[in-house]
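Before any comments, here is the structure.
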2 protein chains.
Amino acid sequence: MPGHHPARSRRTTERKGDVRERAILDTCEALLAQQGYDAMTVGDIAQGAGITRGALYFYFGSKQEVVTALVARTVEHLWERSRATAQTDEPRQAIAAAMRRTVELWNEHGLVMRTAIDLSLTVPEIGELWSHTADLFITAIATVLERAGVQAGTEPEQASAMARALCWMIERTFYHASQESCEELQKASSTCEHIWLISAGLIT
Amino acid sequence: MPGHHPARSRRTTERKGDVRERAILDTCEALLAQQGYDAMTVGDIAQGAGITRGALYFYFGSKQEVVTALVARTVEHLWERSRATAQTDEPRQAIAAAMRRTVELWNEHGLVMRTAIDLSLTVPEIGELWSHTADLFITAIATVLERAGVQAGTEPEQASAMARALCWMIERTFYHASQESCEELQKASSTCEHIWLISAGLIT
DNA sequence: GGTAAAACTCGACGTTGTGTAGACTTTCTG
DNA sequence: CAGAAAGTCTACACAACGTCGAGTTTTACC
């Protein structure tokens with residue numbers, strides 16, 4: 001998201017700026033882990049990336065923009081991974097696969113995902129990104145529910161609304177579990193999978 | 001949370017400071033609704049309460065402390081209300097009553113509850129307050145599940161873990177719905193109640 | 001009702017972090 | 001190799017935070 005300069009033309013060699021930009025995002029991610037969003041200053045990020053504050057403002061207009069770009073990068077990865085997952089028609093398998101993938105995603109990107117959730121309210125751009133991501137998951141869950149025999153529709157007890165609630169359950173449960181440990185994440189996954197299966201009517 | 005002066009002795013007439021303190025908290029709540037936490041400055045709060053910044057710092061040590069006090073006041077109210085709710089042994093009734101109460105709470109205090117959730121990460125005090133509140137709900141849900149026949153225990157598919165996931169589902173679903181409208185809140189409640197009932201094995 | 005302590009209020013100050021401006025150097029492109 | 005684009009830096013202006021010390025009001029007690 002180089003904002004200032006127009007779309008970069010195709011090139012063989014990487015511009016210096018591309019490297020810097022990645023360095024900034026990487027540093028931002030590291031600092032986010034160490035100190036959290038509030039404590040992290042743009043001076044810290046710049047220093048970590050080996051440039052001065054002034055130079056950083058050449059790449060990003062503000063601290064929020066840096067984090068937004070980081071979230072965008074991560075979310076992009078989520079989408080990619082979601083598309084890559086093999087689709088199966090059998091609900092039980094689909095649910096198991098989805099939860100497995102979710103554990104992986106939270107293991108790898110838990111920090112950025114938590115940050116995205118936290119900043120959704122204050123940074124509209126990030127809220128947009130995250131709610132769009134959630135929508136993807138919600139429709140996926142709804143599809144599985146319908147395939148398992150839950151009545152389609154948007155009324156409170158039909159597939160769409162249930163999928164939404166289940167999505168938030170998963171989000172929040174993983175959000176907390178990923179702050180603890182990998183084992184907690186695994187347990188959280190089991191619990192969520194169990195409730196999803198029950199909700200789909202696949203186990204009593 | 002008058003921090004500076006020791007525990008106030010019992011008195012008939014209210015101190016001027018008590019009035020001010022309430023005014024500060026009320027103003028804070030109002031501003032939180034209008035502008036959100038970040039946009040709201042200490043100057044704004046002081047002005048709204050009819051005092052200067054300097055005077056505000058007599059009552060509270062920081063902006064965070066003001067909001068923490070506001071959350072504490074609200075959470076106090078939640079606990080009170082929870083205790084007051086009639087306990088029933090019949091799971092179906094208990095669930096219906098709990099959801100009814102939850103809708104009421106979010107209708108009345110949705111704004112402060114959302115703020116508490118948002119700041120849980122950055123303000124440890126608030127995180128403490130909120131996680132304690134969540135624990136109350138989790139044990140309540142677990143009790144109902146067990147009474148309905150779900151196996152007690154903390155393993156991923158037993159009552160405690162399920163209660164935790166259901167609690168987060170309710171929290172998050174209401175969090176989003178309360179940003180929309182009362183009707184959304186009502187629908188959210190129906191959906192959550194439905195999933196809770198299914199999870200308890202009370203409906204197929 | 002007077003007086004000392006406390007509760008309370010204020011304006012001014014120092015600090016930190018943000019974002020901007022403008023001058024300067026490097027790198028690309030023709 | 002010259003001009004443009006890309007990249008970098010120091011210095012500045014500003015906003016909000018939190019602190020200080022000096023005042024004013026209220027309260028408690030004799």
Side-chain angles (χ1 to χ4, degrees), chain A residues 1-28 31-32 34-69 119 122-123 125, chain B residues 1-25 27-28 31-32 34-70 119 122-123 125:
Chain A
M1 192 176 286
H4 304 242
H5 25 73
R8 225 161 259 158
S9 55
R10 174 170 320 286
R11 356 182 354 93
T12 53
T13 109
E14 205 174 29
R15 275 193 199 282
K16 198 162 149 197
D18 293 336
V19 177
R20 282 263 187 273
E21 203 172 309
R22 230 195 350 266
I24 292 172
L25 260 36
D26 291 342
T27 305
C28 178
L31 289 176
L32 227 36
Q34 287 172 29
Q35 344 183 322
Y37 179 78
D38 288 334
M40 173 184 75
T41 78
V42 308
D44 293 338
I45 304 175
Q47 189 176 356
I51 53 177
T52 61
R53 269 167 27 79
L56 189 145
Y57 278 102
F58 173 76
Y59 294 98
F60 300 98
S62 67
K63 180 178 167 183
Q64 294 195 343
E65 262 188 38
V66 176
V67 180
T68 303
L119 296 180
T122 46
V123 186
E125 287 249 21
Chain B
M1 192 172 290
H4 305 242
H5 25 72
R8 225 162 259 156
S9 55
R10 173 172 320 287
R11 2 185 344 98
T12 53
T13 110
E14 206 173 30
R15 275 191 197 284
K16 196 163 151 197
D18 294 338
V19 177
R20 282 261 186 273
E21 204 171 309
R22 231 196 348 267
I24 292 172
L25 259 36
T27 304
C28 178
L31 288 176
L32 227 36
Q34 287 171 29
Q35 345 183 322
Y37 178 78
D38 288 333
M40 173 184 75
T41 79
V42 221
D44 293 338
I45 304 175
Q47 188 176 356
I51 54 177
T52 62
R53 266 166 30 79
L56 190 147
Y57 277 102
F58 173 76
Y59 294 98
F60 300 98
S62 68
K63 182 178 166 183
Q64 294 195 345
E65 263 189 36
V66 177
V67 181
T68 302
L70 176 60
L119 296 180
T122 46
V123 186
E125 287 249 19

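Reminder, nothing fancy here: chain letters follow the sequence lines and each chain counts from 1. All figures in this text were calculated on a predicted structure; none of them were measured in a lab.
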Rounded to whole Å, CZ of B/Phe60 lies from C1' of D/dT19 at a distance of 18 Å
Let me know the distance between CD of A/Glu21 and P of D/dT8, rounded to the nearest Å. 11 Å
Give, for atom CD of A/Gln34 and atom CG of A/Leu32, the distance between the pair rounded to the nearest 0.5 Å. 10.0 Å
Would you compute the distance between atom OG1 of A/Thr68 and atom CD of A/Glu65 and round it to the nearest 0.5 angstrom? 7.0 Å
Please report the distance, rounded to the nearest Å, between CG in B/Leu56 and C1' in D/dC17. 12 Å
Contact under 4.0 Å: A/Tyr59 side-chain N or O vs D/dA6 OP1/OP2: no
A/Gln47 CD to D/dC9 P, straight-line distance once rounded to whole Å: 12 Å
Is there a side-chain contact between A/Thr52 and the phosphate of D/dC9, meaning an N or O under 4.0 Å from OP1 or OP2? yes
Closest non-hydrogen atom pair, B/Thr122 against B/Gln64: O-NE2, 4.4 Å
Output the rounded distance in Å from CZ (A/Phe58) to P (D/dA6). 7 Å
Rounded distance in Å - CD1 (A/Ile51) to P (D/dC9): 7 Å
Nucleotides 12-25 of chain C: protein proximity per nucleotide (B base, S sugar-phosphate only, - neither; heavy atom, under 4.0 Å): -----SBBB-----
For residues 40-52 of chain A, which side-chain donor-acceptor pairs fall under 3.5 Å, sequence neighbours excluded?
{"from": "A/Thr41", "atom 1": "OG1", "to": "A/Gly43", "atom 2": "N", "distance (Å)": "3.2"}
{"from": "A/Thr41", "atom 1": "OG1", "to": "A/Asp44", "atom 2": "N", "distance (Å)": "3.0"}
{"from": "A/Thr41", "atom 1": "OG1", "to": "A/Asp44", "atom 2": "OD2", "distance (Å)": "3.4"}
{"from": "A/Asp44", "atom 1": "OD2", "to": "A/Thr41", "atom 2": "N", "distance (Å)": "3.2"}

Any chance you could measure B/Leu25, atom CG, to B/Phe60, atom CZ, to the nearest 0.5 Å? 5.0 Å
Provide, to the nearest angstrom, the distance between the CG atom belonging to B/Asp18 and the P atom belonging to D/dT26. 15 Å
Nearest 0.5 Å please: distance from the CG atom of B/Leu70 over to the CG atom of B/Leu119. 10.5 Å
